[in-house]
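Worksheet: one structure, shown below.
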Amino acid sequence: MPRKIWMLDIAREQSPTLSHLYQYASHALESGYDALGLYLEHKFAYECAPWATGKGAVTRDMVISLQCEFPSLQIIPFINLLGHFEGFLYTEEGRQYREEIFTGLQACPSCPEFQKLCHLMLAETMDVFQSDLIHIGGDETYQLAKCDKCQARIPEGTEDPKAWLYAEHFRPLLQQVIDAGRTPGLWGDMYLDHPSALEIVPKETIIFDWQYMNGLGETSTKFSNFRVYGCPTLHVYNAPWMHVSGTEENIRAVAQDVHDLNLEGFCLTQWEGGLFGAYDTQLPAVKWAAQIADNPSNPTSLVDAHDEESGQRTWANIMGVELEKIGGVFKYSKLRNPLKARFLLYSNPFLCWMHHHEQLAGPQGEEAIALCEKALHYAPTDAEKNATIFVRSAIEFVRMADDARKLYAAGDADAAIGKLAPMRYLFENLEKAAKANYDRIGGSMADVYRCRTAKLHVETVIRRIRDYGRRELGYLPAFEVITNPRFMPHDQGCWWLVNKWANE
Ligand SMILES: [Zn+2]
(Lines give C-alpha, C1' and ligand atoms only; values in the text may rest on other atoms or scores of the structure.)
Protein backbone atom coordinates (compact mmCIF):
# COMPACT_ATOMS: atom_id res chain seq x y z
CA MET A 1 0.00 0.00 0.00
CA PRO A 2 1.43 3.46 -0.86
CA ARG A 3 2.00 5.89 1.99
CA LYS A 4 -0.73 8.53 2.13
CA ILE A 5 -0.35 12.19 3.02
CA TRP A 6 -3.12 14.74 3.20
CA MET A 7 -1.56 18.17 2.65
CA LEU A 8 -3.56 21.17 3.76
CA ASP A 9 -2.75 24.69 2.53
CA ILE A 10 -3.07 27.02 5.49
CA ALA A 11 -1.08 29.79 3.81
CA ARG A 12 -4.08 31.30 2.01
CA GLU A 13 -5.09 33.37 4.99
CA GLN A 14 -6.18 30.42 7.13
CA SER A 15 -5.88 30.81 10.88
CA PRO A 16 -6.50 27.40 12.40
CA THR A 17 -6.62 27.26 16.20
CA LEU A 18 -5.21 24.25 18.02
CA SER A 19 -8.68 22.76 18.18
CA HIS A 20 -9.07 23.15 14.39
CA LEU A 21 -5.73 21.39 13.91
CA TYR A 22 -6.96 18.59 16.18
CA GLN A 23 -10.06 18.27 13.99
CA TYR A 24 -7.93 17.98 10.85
CA ALA A 25 -5.60 15.46 12.50
CA SER A 26 -8.57 13.36 13.70
CA HIS A 27 -10.04 13.42 10.22
CA ALA A 28 -6.70 12.38 8.72
CA LEU A 29 -6.47 9.40 11.08
CA GLU A 30 -10.11 8.37 10.65
CA SER A 31 -9.69 8.55 6.89
CA GLY A 32 -6.60 6.32 6.95
CA TYR A 33 -3.84 8.82 6.14
CA ASP A 34 -0.34 8.18 7.46
CA ALA A 35 0.48 11.86 7.64
CA LEU A 36 -1.04 15.33 7.76
CA GLY A 37 0.99 17.86 5.80
CA LEU A 38 0.77 21.50 6.83
CA TYR A 39 1.59 23.78 3.90
CA LEU A 40 2.80 26.82 5.80
CA GLU A 41 4.68 29.57 3.92
CA HIS A 42 4.47 32.59 6.27
CA LYS A 43 1.75 31.01 8.40
CA PHE A 44 4.22 29.56 10.86
CA ALA A 45 5.42 31.83 13.66
CA TYR A 46 9.17 31.59 13.00
CA GLU A 47 11.38 32.76 15.84
CA CYS A 48 14.00 33.59 13.21
CA ALA A 49 11.53 35.87 11.37
CA PRO A 50 9.19 37.31 14.01
CA TRP A 51 8.49 40.24 11.69
CA ALA A 52 6.61 37.91 9.33
CA THR A 53 4.25 36.47 11.94
CA GLY A 54 0.76 37.61 11.08
CA LYS A 55 -2.19 37.11 13.40
CA GLY A 56 -3.39 33.52 13.36
CA ALA A 57 -0.08 31.89 12.38
CA VAL A 58 0.53 28.38 13.68
CA THR A 59 3.00 28.41 16.56
CA ARG A 60 5.74 26.08 17.77
CA ASP A 61 3.63 25.16 20.83
CA MET A 62 0.64 24.26 18.66
CA VAL A 63 2.72 21.89 16.54
CA ILE A 64 4.30 20.29 19.61
CA SER A 65 0.86 19.79 21.15
CA LEU A 66 -0.50 18.34 17.90
CA GLN A 67 2.38 15.86 17.69
CA CYS A 68 1.88 14.81 21.34
CA GLU A 69 -1.84 14.34 20.89
CA PHE A 70 -1.54 12.33 17.65
CA PRO A 71 1.63 10.23 18.00
CA SER A 72 0.56 7.77 15.28
CA LEU A 73 0.12 10.52 12.68
CA GLN A 74 3.15 12.17 11.10
CA ILE A 75 2.82 15.95 11.00
CA ILE A 76 4.87 16.99 7.98
CA PRO A 77 5.92 20.59 7.37
CA PHE A 78 5.65 21.85 3.79
CA ILE A 79 7.69 25.05 3.72
CA ASN A 80 8.79 27.15 0.79
CA LEU A 81 12.31 28.49 0.46
CA LEU A 82 12.35 30.36 -2.87
CA GLY A 83 9.06 30.60 -4.74
CA HIS A 84 5.83 31.24 -2.86
CA PHE A 85 7.65 33.48 -0.46
CA GLU A 86 5.13 36.28 -1.06
CA GLY A 87 3.85 36.40 2.51
CA PHE A 88 7.36 37.48 3.52
CA LEU A 89 8.24 39.59 0.48
CA TYR A 90 5.31 41.96 0.79
CA THR A 91 6.19 43.00 4.35
CA GLU A 92 8.44 45.92 5.19
CA GLU A 93 11.23 43.75 6.62
CA GLY A 94 10.86 41.11 3.91
CA ARG A 95 10.94 43.36 0.85
CA GLN A 96 14.76 43.22 0.79
CA TYR A 97 14.59 39.53 -0.26
CA ARG A 98 12.45 39.99 -3.39
CA GLU A 99 13.56 39.08 -6.90
CA GLU A 100 11.49 41.86 -8.51
CA ILE A 101 9.68 44.94 -7.28
CA PHE A 102 5.95 44.68 -6.64
CA THR A 103 5.36 41.60 -8.73
CA GLY A 104 5.39 37.84 -8.35
CA LEU A 105 6.15 35.64 -5.42
CA GLN A 106 9.79 34.68 -5.58
CA ALA A 107 12.73 35.67 -3.37
CA CYS A 108 16.19 36.32 -4.82
CA PRO A 109 18.48 33.28 -4.58
CA SER A 110 21.50 35.57 -4.90
CA CYS A 111 20.64 37.61 -1.80
CA PRO A 112 23.00 36.44 1.00
CA GLU A 113 20.56 37.55 3.74
CA PHE A 114 17.84 35.46 2.14
CA GLN A 115 20.11 32.41 1.90
CA LYS A 116 20.89 32.81 5.60
CA LEU A 117 17.20 33.13 6.44
CA CYS A 118 16.42 29.89 4.53
CA HIS A 119 18.93 27.94 6.62
CA LEU A 120 17.53 29.41 9.85
CA MET A 121 13.93 28.63 8.83
CA LEU A 122 14.89 25.10 7.90
CA ALA A 123 16.73 24.52 11.19
CA GLU A 124 13.79 25.85 13.16
CA THR A 125 11.33 23.73 11.18
CA MET A 126 13.35 20.58 11.83
CA ASP A 127 13.58 21.48 15.49
CA VAL A 128 9.80 21.76 15.87
CA PHE A 129 8.48 19.10 13.48
CA GLN A 130 9.48 15.53 14.36
CA SER A 131 8.58 13.95 11.00
CA ASP A 132 11.22 12.16 8.95
CA LEU A 133 10.08 13.96 5.80
CA ILE A 134 10.79 17.70 5.58
CA HIS A 135 9.28 19.23 2.45
CA ILE A 136 11.17 22.36 1.39
CA GLY A 137 8.99 23.47 -1.52
CA GLY A 138 10.71 24.65 -4.68
CA ASP A 139 7.68 25.01 -6.95
CA GLU A 140 6.72 27.80 -9.35
CA THR A 141 9.99 29.75 -9.26
CA TYR A 142 9.19 31.41 -12.56
CA GLN A 143 11.14 34.59 -11.79
CA LEU A 144 14.57 32.95 -11.76
CA ALA A 145 17.33 35.10 -13.32
CA LYS A 146 15.21 38.26 -13.44
CA CYS A 147 17.39 40.49 -11.25
CA ASP A 148 20.83 41.88 -12.11
CA LYS A 149 22.50 40.15 -9.16
CA CYS A 150 21.29 36.76 -10.35
CA GLN A 151 22.24 37.50 -13.96
CA ALA A 152 25.76 38.47 -12.90
CA ARG A 153 26.33 35.21 -11.01
CA ILE A 154 25.54 32.86 -13.89
CA PRO A 155 28.78 31.36 -15.29
CA GLU A 156 29.43 32.08 -18.93
CA GLY A 157 28.24 29.39 -21.29
CA THR A 158 25.65 28.00 -18.87
CA GLU A 159 23.10 26.24 -20.99
CA ASP A 160 20.13 26.68 -18.67
CA PRO A 161 20.77 29.65 -16.33
CA LYS A 162 17.53 29.12 -14.45
CA ALA A 163 18.42 25.50 -13.74
CA TRP A 164 21.85 26.61 -12.51
CA LEU A 165 20.44 29.22 -10.12
CA TYR A 166 17.82 26.80 -8.85
CA ALA A 167 20.32 24.02 -8.24
CA GLU A 168 22.81 26.34 -6.55
CA HIS A 169 20.10 27.55 -4.21
CA PHE A 170 18.65 24.19 -3.23
CA ARG A 171 21.85 22.11 -3.06
CA PRO A 172 22.92 23.32 0.44
CA LEU A 173 19.35 23.29 1.74
CA LEU A 174 18.80 19.67 0.70
CA GLN A 175 22.14 18.82 2.30
CA GLN A 176 21.11 20.51 5.53
CA VAL A 177 18.07 18.22 5.76
CA ILE A 178 20.12 15.12 5.00
CA ASP A 179 22.84 16.11 7.48
CA ALA A 180 20.13 16.31 10.14
CA GLY A 181 19.22 12.70 9.39
CA ARG A 182 15.93 13.59 7.73
CA THR A 183 14.49 13.07 4.26
CA PRO A 184 14.00 16.14 2.06
CA GLY A 185 10.95 16.53 -0.17
CA LEU A 186 10.66 18.84 -3.21
CA TRP A 187 7.94 19.65 -5.72
CA GLY A 188 8.75 18.29 -9.18
CA ASP A 189 7.46 20.99 -11.53
CA MET A 190 10.64 23.03 -11.97
CA TYR A 191 12.63 19.91 -12.88
CA LEU A 192 10.18 19.15 -15.68
CA ASP A 193 11.01 22.56 -17.19
CA HIS A 194 14.70 22.53 -16.20
CA PRO A 195 15.80 18.88 -16.03
CA SER A 196 19.50 19.67 -15.61
CA ALA A 197 18.73 21.08 -12.13
CA LEU A 198 17.91 17.52 -11.09
CA GLU A 199 21.54 16.50 -11.50
CA ILE A 200 22.55 17.99 -8.15
CA VAL A 201 19.63 16.56 -6.18
CA PRO A 202 20.75 13.94 -3.62
CA LYS A 203 19.22 10.51 -4.14
CA GLU A 204 17.66 10.60 -0.67
CA THR A 205 15.26 13.32 -1.87
CA ILE A 206 11.61 12.50 -2.49
CA ILE A 207 10.06 14.24 -5.50
CA PHE A 208 6.43 15.32 -5.26
CA ASP A 209 5.03 15.13 -8.77
CA TRP A 210 1.90 17.28 -8.73
CA GLN A 211 -0.42 16.74 -11.67
CA TYR A 212 -3.88 18.15 -11.29
CA MET A 213 -5.39 17.61 -14.71
CA ASN A 214 -4.05 14.15 -15.62
CA GLY A 215 -2.21 11.20 -14.18
CA LEU A 216 1.56 10.87 -13.83
CA GLY A 217 2.29 8.90 -17.00
CA GLU A 218 4.01 11.78 -18.79
CA THR A 219 6.01 13.03 -15.84
CA SER A 220 6.99 10.63 -13.09
CA THR A 221 9.22 8.53 -15.36
CA LYS A 222 11.44 11.62 -15.58
CA PHE A 223 12.13 11.14 -11.87
CA SER A 224 12.98 7.48 -12.25
CA ASN A 225 16.10 7.67 -10.07
CA PHE A 226 14.10 9.05 -7.15
CA ARG A 227 11.32 8.03 -4.84
CA VAL A 228 8.17 9.83 -6.00
CA TYR A 229 4.87 10.83 -4.42
CA GLY A 230 1.96 11.31 -6.83
CA CYS A 231 -0.01 14.43 -5.92
CA PRO A 232 -3.56 15.07 -7.14
CA THR A 233 -5.77 17.87 -5.83
CA LEU A 234 -9.30 18.78 -4.92
CA HIS A 235 -10.45 21.06 -7.72
CA VAL A 236 -11.46 23.97 -5.52
CA TYR A 237 -9.27 26.90 -6.64
CA ASN A 238 -10.80 26.65 -10.13
CA ALA A 239 -14.41 26.13 -9.01
CA PRO A 240 -17.28 28.10 -7.48
CA TRP A 241 -17.20 25.36 -4.81
CA MET A 242 -15.51 22.20 -6.12
CA HIS A 243 -15.47 20.47 -9.51
CA VAL A 244 -16.52 16.99 -8.45
CA SER A 245 -15.95 15.12 -11.73
CA GLY A 246 -12.56 16.73 -12.37
CA THR A 247 -11.50 15.95 -8.80
CA GLU A 248 -12.63 12.34 -9.13
CA GLU A 249 -10.85 11.80 -12.46
CA ASN A 250 -7.62 13.38 -11.22
CA ILE A 251 -7.50 11.44 -7.95
CA ARG A 252 -8.32 8.13 -9.62
CA ALA A 253 -5.75 8.66 -12.39
CA VAL A 254 -2.94 9.62 -9.98
CA ALA A 255 -3.83 6.81 -7.55
CA GLN A 256 -3.79 4.30 -10.43
CA ASP A 257 -0.38 5.53 -11.59
CA VAL A 258 1.00 5.39 -8.05
CA HIS A 259 0.03 1.70 -8.00
CA ASP A 260 1.05 0.86 -11.57
CA LEU A 261 4.41 2.62 -11.36
CA ASN A 262 5.00 1.34 -7.83
CA LEU A 263 5.64 4.86 -6.49
CA GLU A 264 6.49 5.71 -2.90
CA GLY A 265 3.23 7.39 -2.01
CA PHE A 266 0.14 9.46 -2.61
CA CYS A 267 -0.18 13.06 -1.41
CA LEU A 268 -3.59 14.68 -1.68
CA THR A 269 -3.15 18.44 -1.93
CA GLN A 270 -5.88 20.80 -0.81
CA TRP A 271 -5.29 24.43 -1.78
CA GLU A 272 -6.74 27.89 -1.34
CA GLY A 273 -9.18 28.12 1.50
CA GLY A 274 -9.48 31.84 0.76
CA LEU A 275 -12.40 33.20 -1.31
CA PHE A 276 -14.90 31.19 0.74
CA GLY A 277 -13.25 27.80 0.15
CA ALA A 278 -14.33 26.36 3.50
CA TYR A 279 -12.27 23.24 4.17
CA ASP A 280 -14.97 21.55 6.23
CA THR A 281 -17.21 21.30 3.14
CA GLN A 282 -14.44 19.22 1.50
CA LEU A 283 -13.79 16.69 4.26
CA PRO A 284 -15.87 13.90 2.67
CA ALA A 285 -13.73 14.25 -0.47
CA VAL A 286 -10.54 14.03 1.62
CA LYS A 287 -11.77 10.79 3.18
CA TRP A 288 -12.86 9.37 -0.18
CA ALA A 289 -9.44 10.15 -1.71
CA ALA A 290 -7.73 7.94 0.90
CA GLN A 291 -9.94 5.01 -0.13
CA ILE A 292 -9.13 5.58 -3.80
CA ALA A 293 -5.42 5.81 -2.99
CA ASP A 294 -5.66 2.31 -1.50
CA ASN A 295 -7.84 0.96 -4.28
CA PRO A 296 -8.12 3.08 -7.45
CA SER A 297 -10.92 0.82 -8.73
CA ASN A 298 -13.10 1.39 -5.67
CA PRO A 299 -16.54 1.82 -7.28
CA THR A 300 -17.82 4.46 -4.85
CA SER A 301 -18.14 7.78 -6.69
CA LEU A 302 -17.10 11.04 -5.08
CA VAL A 303 -20.72 12.24 -5.01
CA ASP A 304 -21.75 9.01 -3.28
CA ALA A 305 -19.04 9.54 -0.69
CA HIS A 306 -21.24 12.32 0.71
CA ASP A 307 -23.90 11.53 3.30
CA GLU A 308 -27.31 11.02 1.76
CA GLU A 309 -29.57 11.32 4.75
CA SER A 310 -28.48 14.80 5.82
CA GLY A 311 -28.89 16.19 2.29
CA GLN A 312 -25.15 16.61 1.85
CA ARG A 313 -25.04 14.30 -1.18
CA THR A 314 -27.74 16.20 -3.05
CA TRP A 315 -26.06 19.47 -2.10
CA ALA A 316 -22.66 18.27 -3.36
CA ASN A 317 -24.21 17.06 -6.60
CA ILE A 318 -25.85 20.43 -7.26
CA MET A 319 -22.84 22.58 -6.34
CA GLY A 320 -20.18 20.26 -7.72
CA VAL A 321 -21.82 18.67 -10.78
CA GLU A 322 -25.01 20.41 -11.93
CA LEU A 323 -23.70 23.97 -11.64
CA GLU A 324 -20.67 23.09 -13.78
CA LYS A 325 -22.97 21.90 -16.58
CA ILE A 326 -24.24 25.46 -17.11
CA GLY A 327 -20.79 26.25 -18.51
CA GLY A 328 -19.21 29.68 -18.90
CA VAL A 329 -17.99 30.90 -15.55
CA PHE A 330 -19.00 27.62 -13.91
CA LYS A 331 -17.10 25.37 -16.28
CA TYR A 332 -14.15 23.17 -15.44
CA SER A 333 -10.81 24.69 -16.38
CA LYS A 334 -7.30 24.75 -15.00
CA LEU A 335 -7.39 28.46 -14.13
CA ARG A 336 -8.50 30.05 -10.88
CA ASN A 337 -12.23 30.46 -11.04
CA PRO A 338 -12.90 33.89 -12.58
CA LEU A 339 -16.27 34.36 -10.87
CA LYS A 340 -14.90 34.23 -7.35
CA ALA A 341 -11.63 35.98 -8.18
CA ARG A 342 -13.31 38.91 -9.91
CA PHE A 343 -16.05 39.11 -7.32
CA LEU A 344 -13.81 39.44 -4.27
CA LEU A 345 -10.07 39.24 -4.91
CA TYR A 346 -9.41 42.50 -6.73
CA SER A 347 -11.33 44.97 -4.53
CA ASN A 348 -13.71 45.68 -7.40
CA PRO A 349 -16.70 43.35 -7.75
CA PHE A 350 -17.82 45.32 -10.83
CA LEU A 351 -15.08 43.44 -12.73
CA CYS A 352 -17.30 40.43 -12.28
CA TRP A 353 -20.14 42.33 -13.97
CA MET A 354 -17.85 43.56 -16.79
CA HIS A 355 -16.68 40.08 -17.73
CA HIS A 356 -19.69 37.92 -16.93
CA HIS A 357 -22.88 39.95 -17.36
CA GLU A 358 -23.58 38.49 -20.79
CA GLN A 359 -23.86 35.05 -19.27
CA LEU A 360 -25.21 35.81 -15.82
CA ALA A 361 -27.76 38.54 -16.58
CA GLY A 362 -29.55 36.12 -18.91
CA PRO A 363 -31.27 32.74 -18.53
CA GLN A 364 -28.08 30.98 -17.45
CA GLY A 365 -27.87 33.31 -14.45
CA GLU A 366 -31.49 32.48 -13.58
CA GLU A 367 -30.73 28.80 -13.90
CA ALA A 368 -27.68 29.11 -11.64
CA ILE A 369 -29.64 31.02 -8.99
CA ALA A 370 -32.34 28.35 -9.06
CA LEU A 371 -29.67 25.69 -8.50
CA CYS A 372 -28.24 27.67 -5.57
CA GLU A 373 -31.73 27.95 -4.04
CA LYS A 374 -32.18 24.21 -4.35
CA ALA A 375 -28.71 23.63 -2.88
CA LEU A 376 -29.54 25.89 0.07
CA HIS A 377 -32.57 23.73 0.76
CA TYR A 378 -30.38 20.62 1.04
CA ALA A 379 -27.34 22.21 2.72
CA PRO A 380 -26.96 20.25 5.96
CA THR A 381 -24.90 22.78 7.95
CA ASP A 382 -23.75 26.40 7.94
CA ALA A 383 -20.58 25.31 6.14
CA GLU A 384 -22.48 24.24 3.01
CA LYS A 385 -24.99 27.11 3.36
CA ASN A 386 -22.24 29.74 3.39
CA ALA A 387 -20.47 28.19 0.40
CA THR A 388 -23.76 28.38 -1.49
CA ILE A 389 -24.63 31.92 -0.41
CA PHE A 390 -21.24 33.04 -1.71
CA VAL A 391 -21.93 31.71 -5.22
CA ARG A 392 -25.50 33.00 -5.25
CA SER A 393 -24.35 36.44 -4.09
CA ALA A 394 -21.82 36.71 -6.92
CA ILE A 395 -24.50 35.93 -9.50
CA GLU A 396 -27.02 38.27 -7.91
CA PHE A 397 -24.43 41.02 -7.79
CA VAL A 398 -23.80 40.75 -11.52
CA ARG A 399 -27.52 40.87 -12.25
CA MET A 400 -28.09 43.92 -10.05
CA ALA A 401 -25.09 45.67 -11.60
CA ASP A 402 -26.42 44.95 -15.07
CA ASP A 403 -29.81 46.42 -14.20
CA ALA A 404 -28.07 49.47 -12.76
CA ARG A 405 -25.96 49.93 -15.88
CA LYS A 406 -28.98 49.93 -18.19
CA LEU A 407 -30.66 52.64 -16.12
CA TYR A 408 -27.42 54.63 -15.85
CA ALA A 409 -26.88 54.47 -19.61
CA ALA A 410 -30.48 55.62 -20.15
CA GLY A 411 -29.79 58.70 -17.99
CA ASP A 412 -31.84 57.63 -14.97
CA ALA A 413 -29.22 58.01 -12.24
CA ASP A 414 -31.70 57.75 -9.36
CA ALA A 415 -33.13 54.48 -10.60
CA ALA A 416 -29.58 53.14 -11.14
CA ILE A 417 -28.74 54.01 -7.53
CA GLY A 418 -31.89 52.20 -6.48
CA LYS A 419 -30.49 49.03 -8.05
CA LEU A 420 -27.06 49.48 -6.46
CA ALA A 421 -28.29 50.18 -2.93
CA PRO A 422 -29.22 46.55 -2.02
CA MET A 423 -25.68 45.44 -2.86
CA ARG A 424 -24.62 46.89 0.48
CA TYR A 425 -26.78 44.34 2.32
CA LEU A 426 -25.50 41.59 0.07
CA PHE A 427 -21.94 42.29 1.19
CA GLU A 428 -22.99 42.75 4.82
CA ASN A 429 -24.49 39.27 4.79
CA LEU A 430 -21.46 37.83 3.06
CA GLU A 431 -19.22 39.42 5.67
CA LYS A 432 -21.19 37.57 8.36
CA ALA A 433 -20.76 34.31 6.44
CA ALA A 434 -17.01 34.92 6.12
CA LYS A 435 -16.75 35.62 9.84
CA ALA A 436 -18.63 32.39 10.55
CA ASN A 437 -16.15 30.47 8.36
CA TYR A 438 -13.32 32.04 10.31
CA ASP A 439 -14.80 31.06 13.67
CA ARG A 440 -15.90 27.60 12.60
CA ILE A 441 -12.83 26.30 10.79
CA GLY A 442 -10.12 28.97 10.98
CA GLY A 443 -11.12 30.36 7.59
CA SER A 444 -9.80 33.47 5.87
CA MET A 445 -9.98 36.72 7.84
CA ALA A 446 -9.09 38.47 4.58
CA ASP A 447 -12.47 37.32 3.23
CA VAL A 448 -14.17 39.31 6.01
CA TYR A 449 -12.25 42.41 4.94
CA ARG A 450 -12.85 41.71 1.25
CA CYS A 451 -16.61 41.86 1.87
CA ARG A 452 -16.25 45.02 3.92
CA THR A 453 -14.14 46.66 1.20
CA ALA A 454 -16.62 45.65 -1.50
CA LYS A 455 -19.46 47.26 0.44
CA LEU A 456 -17.47 50.49 0.85
CA HIS A 457 -16.74 50.48 -2.87
CA VAL A 458 -20.43 50.10 -3.69
CA GLU A 459 -21.06 53.18 -1.52
CA THR A 460 -18.36 55.05 -3.42
CA VAL A 461 -19.94 54.10 -6.75
CA ILE A 462 -23.35 55.24 -5.54
CA ARG A 463 -21.85 58.60 -4.59
CA ARG A 464 -20.14 58.95 -7.95
CA ILE A 465 -23.32 58.21 -9.86
CA ARG A 466 -25.12 60.76 -7.70
CA ASP A 467 -22.38 63.32 -8.54
CA TYR A 468 -21.62 62.50 -12.18
CA GLY A 469 -24.48 60.30 -13.41
CA ARG A 470 -26.36 63.23 -15.00
CA ARG A 471 -23.49 64.35 -17.22
CA GLU A 472 -22.17 66.80 -14.65
CA LEU A 473 -18.73 66.28 -16.24
CA GLY A 474 -20.17 67.04 -19.66
CA TYR A 475 -19.63 63.38 -20.61
CA LEU A 476 -20.97 60.15 -19.10
CA PRO A 477 -18.11 57.84 -18.04
CA ALA A 478 -18.60 54.24 -19.22
CA PHE A 479 -20.07 52.08 -16.48
CA GLU A 480 -16.88 50.01 -16.14
CA VAL A 481 -14.98 53.29 -15.73
CA ILE A 482 -17.18 54.99 -13.13
CA THR A 483 -17.27 51.74 -11.12
CA ASN A 484 -13.50 51.29 -11.15
CA PRO A 485 -11.66 52.15 -7.91
CA ARG A 486 -9.23 54.33 -9.90
CA PHE A 487 -11.86 56.41 -11.71
CA MET A 488 -10.90 60.10 -11.81
CA PRO A 489 -13.38 62.85 -12.77
CA HIS A 490 -12.25 64.84 -15.84
CA ASP A 491 -9.67 62.15 -16.80
CA GLN A 492 -11.95 61.34 -19.71
CA GLY A 493 -9.25 59.35 -21.54
CA CYS A 494 -8.48 57.14 -18.52
CA TRP A 495 -4.77 57.73 -18.41
CA TRP A 496 -4.68 55.67 -15.21
CA LEU A 497 -5.51 52.73 -17.46
CA VAL A 498 -4.02 53.25 -20.91
CA ASN A 499 -0.45 53.58 -19.72
CA LYS A 500 1.16 50.17 -19.57
CA TRP A 501 2.72 51.02 -16.20
CA ALA A 502 -0.77 51.18 -14.72
CA ASN A 503 0.02 48.57 -12.04
CA GLU A 504 3.34 50.00 -11.01
ZN1 LIG B 1 18.00 37.64 -7.94
Side-chain angles (χ1 to χ4, degrees), residues 9 11-12 39-44 46 48-54 77-125 134-179 184-202 205 207-208 210 500-504:
D9 165 19
R12 308 300 159 228
Y39 179 83
L40 295 163
E41 293 181 16
H42 55 289
K43 281 299 220 174
F44 182 74
Y46 287 101
C48 64
W51 45 267
T53 304
F78 282 66
I79 64 177
N80 240 324
L81 298 177
L82 187 58
H84 280 296
F85 211 69
E86 61 269 26
F88 299 86
L89 302 180
Y90 290 104
T91 68
E92 184 56 31
E93 291 86 351
R95 64 201 284 275
Q96 60 176 317
Y97 307 122
R98 65 199 173 189
E99 178 68 16
E100 292 178 276
I101 297 175
F102 208 50
T103 187
L105 41 78
Q106 191 199 297
C108 172
S110 307
C111 167
E113 294 81 10
F114 171 64
Q115 292 165 351
K116 192 175 155 207
L117 178 63
C118 287
H119 287 290
L120 289 173
M121 285 170 64
L122 192 47
E124 195 174 330
T125 302
I134 304 291
H135 196 294
I136 62 172
D139 61 323
E140 301 191 329
T141 57
Y142 304 129
Q143 293 167 277
L144 281 165
K146 290 276 186 190
C147 88
D148 294 343
K149 229 193 285 185
C150 284
Q151 283 284 347
R153 265 178 75 209
I154 299 161
E156 223 170 290
T158 302
E159 204 165 297
D160 184 346
K162 289 189 178 217
W164 186 86
L165 281 167
Y166 188 88
E168 282 296 301
H169 181 70
F170 278 105
R171 190 205 320 255
L173 295 168
L174 291 164
Q175 200 54 50
Q176 187 182 351
V177 178
I178 292 167
D179 289 347
L186 273 176
W187 299 113
D189 54 310
M190 295 312 289
Y191 297 110
L192 296 173
D193 294 340
H194 305 282
S196 62
L198 205 54
E199 287 161 18
I200 63 97
V201 175
T205 308
I207 303 292
F208 284 67
W210 57 276
K500 75 183 167 86
W501 295 337
N503 276 324
E504 295 175 15

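First listed ligand is number 1; within each ligand, the first listed atom is number 1.
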Exercise. Among all residues two or more places apart in sequence or in another chain, which pass the side chain to side chain donor-acceptor pair (under 3.5 Å) test with Asp148?
Worked result: none
Problem set entry | Ring centroid separation Phe78 to His84 under 6.0 Å | no
For this session: Indicate, with yes or no, if the rings of His135 and Trp187 have centres closer together than 6.0 Å.
Result: yes
Problem set entry | Side-chain ion pair, Arg12 and Glu86, N-O less than 4.0 Å | yes
Exercise. Does Phe85 reach the side chain of Glu99, with side-chain heavy atoms less than 4.5 Å apart?
Worked result: no
Problem set entry | Side-chain heavy-atom pair Phe88, Leu105 within 4.5 angstrom cut-off | no
Exercise. What protein N/O/S atoms lie closer than 2.8 Å to the Zn ion (ligand 1)?
Worked result: Glu99 OE1, Cys108 SG, Cys147 SG, Cys150 SG
